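Worksheet for the structure shown next.
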Protein chains: 2
Amino acid sequence: MAPKLHLQIDDRSGVPVYRQMMDQFIYYVAGGTLRPGDQIPSIRELAAALGVNPTTVVKAYTELERAGFVEKRHGKGAFIAANAQALTTAEQEDALRRAAKQLAVEATQLHMSTPKVIDVVREELGALSTDRAADEAPVKFAVMNGGR
Amino acid sequence: MAPKLHLQIDDRSGVPVYRQMMDQFIYYVAGGTLRPGDQIPSIRELAAALGVNPTTVVKAYTELERAGFVEKRHGKGAFIAANAQALTTAEQEDALRRAAKQLAVEATQLHMSTPKVIDVVREELGALSTDRAADEAPVKFAVMNGGR
DNA sequence: CCGTGTGTGTGGCTGTCATCAAACAGCAGA
DNA sequence: TCTGCTGTTTGATGACAGCCACACACACGG
């Protein structure tokens, strides 16, 4: 019912928290990890785990509901909508490309070499996959508080 | 005086516009493209080029001034501060790593393969460098309006 | 059958911040 | 001086996120 999730919120990014949550649920549906009917964390549980206000989670779930990805049931919980449409392949690539472009722009402005950038990307990808292997909890959360 | 800049604003990202501008100026200083004393685009010029309100640019420049990167001179223009400190190598790598992590999280949630991700990153890096080669204007701007 | 407890989502109110719009003020060359 | 550039300031609007009290659903024990 509840596949292994790994939600990540970056406080320093400037991206609204509710939007970060939305995106990640959508990506999980697109990638097939979350399927129609699956129960997702309750508003309070997710809020507590991420250290954000329940209202913020409400906003994310409400928007996801409007978009047809999620169904909230009073007193029961929240679920992936029966007819939640996965993103098309093109849309998935678009999403990936946007993040890649962001990275490329930064790297270019910083005068970073291509191999250096590729290295870092490889590292981060690797960190996530080993992470997932060692993971036993049904749901995992992370917050990047940032340590500047 | 005015090196070739290539500022990029992504409306859909959710990141405040003034913050996107700040980051990119900082990266240009860090990478050595912008050096102390260099004049940067006037508030109105930049606002017009990016299609945002001048007040937004004011906010970016004001914050950059507070951070010691920029000096505004009434009636004259805006300049890179005399003692603008480039980021340390560690800070530069941090910035790059943050963008890479963001990409990795998305890719993982979308079930994208590592080679696929690397490919896209290579593509985007390449697109930017050829872009720069063909560029003759002293300053270049781009806005990702996004076409959802 | 009913009350109570614990889970769930709902809604109103408040403070802060991002953006825009428009009016204000300094600088320099014709 | 006048014109056209520059940065400066103030106010309005809407988005974001936090606090707090309320309402529904279900299971349990009387």
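Just so you know, these numbers come straight off a predicted model, no measurement behind them. Side chains included, hydrogens not; waters and symmetry mates left out as well; all remaining heavy atoms used. Numbered from 1 within each chain, the chains take letters A, B, ... in sequence-line order.
Note on B:N53: a side-chain N or O is less than 4.0 Å away from OP1 or OP2 of C:dA21.
For the pair A:I40 CD1 and C:dT8 C1', the computed distance is 13 Å after rounding to whole Å. Between the NZ atom of B:K72 and the P atom of C:dA25 there is a distance of 17 Å, rounded to whole Å. One can place CZ of B:R44 at 14 Å from P of C:dA21, the figure rounded to the nearest angstrom. For B:R19 and C:dT19, the CZ to C1' distance is 16 Å, given to the nearest whole Å. The separation between A:E45 atom CD and C:dT6 atom C1' is 15 Å, rounded to whole Å.
No side-chain heavy atom of B:V52 sits less than 4.5 Å from a side-chain heavy atom of B:Y18.
Counting any heavy atom pair closer than 4.0 Å across all strands shown, B:Y61 reaches no nucleic acid atom. Residue A:T56 is classed as a sugar-phosphate contact, given heavy-atom separations below 4.0 Å to backbone atoms only. Counting any heavy atom pair closer than 4.0 Å across all strands shown, A:T55 reaches a base atom.
In this model, a donor atom of one side chain and an acceptor atom of the other lie less than 3.5 Å apart for A:S13 and A:Q20.
First and last contacts of DNA chain D with chain A, using any nucleotide atom under 4.0 Å from a protein heavy atom and ordered 5' to 3', fall at D:dC16 to D:dC26.
Each of B:E65 and A:Y18 was assigned the nucleotide of DNA chain D with the nearest heavy atom; the assignment lying further toward the 5' end belongs to B:E65.
Scanning for side chain to side chain donor-acceptor pair (under 3.5 Å) contacts around B:S42 gives an empty result, with sequence neighbours left out.
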Between the protein and nucleotides 27-30 of chain C, list the N/O to N/O atom pairs that are separated by less than 3.5 angstrom.
| residue | atom | partner | partner atom | Å |
| --- | --- | --- | --- | --- |
| C:dA28 | OP1 | B:K76 | NZ | 3.4 |

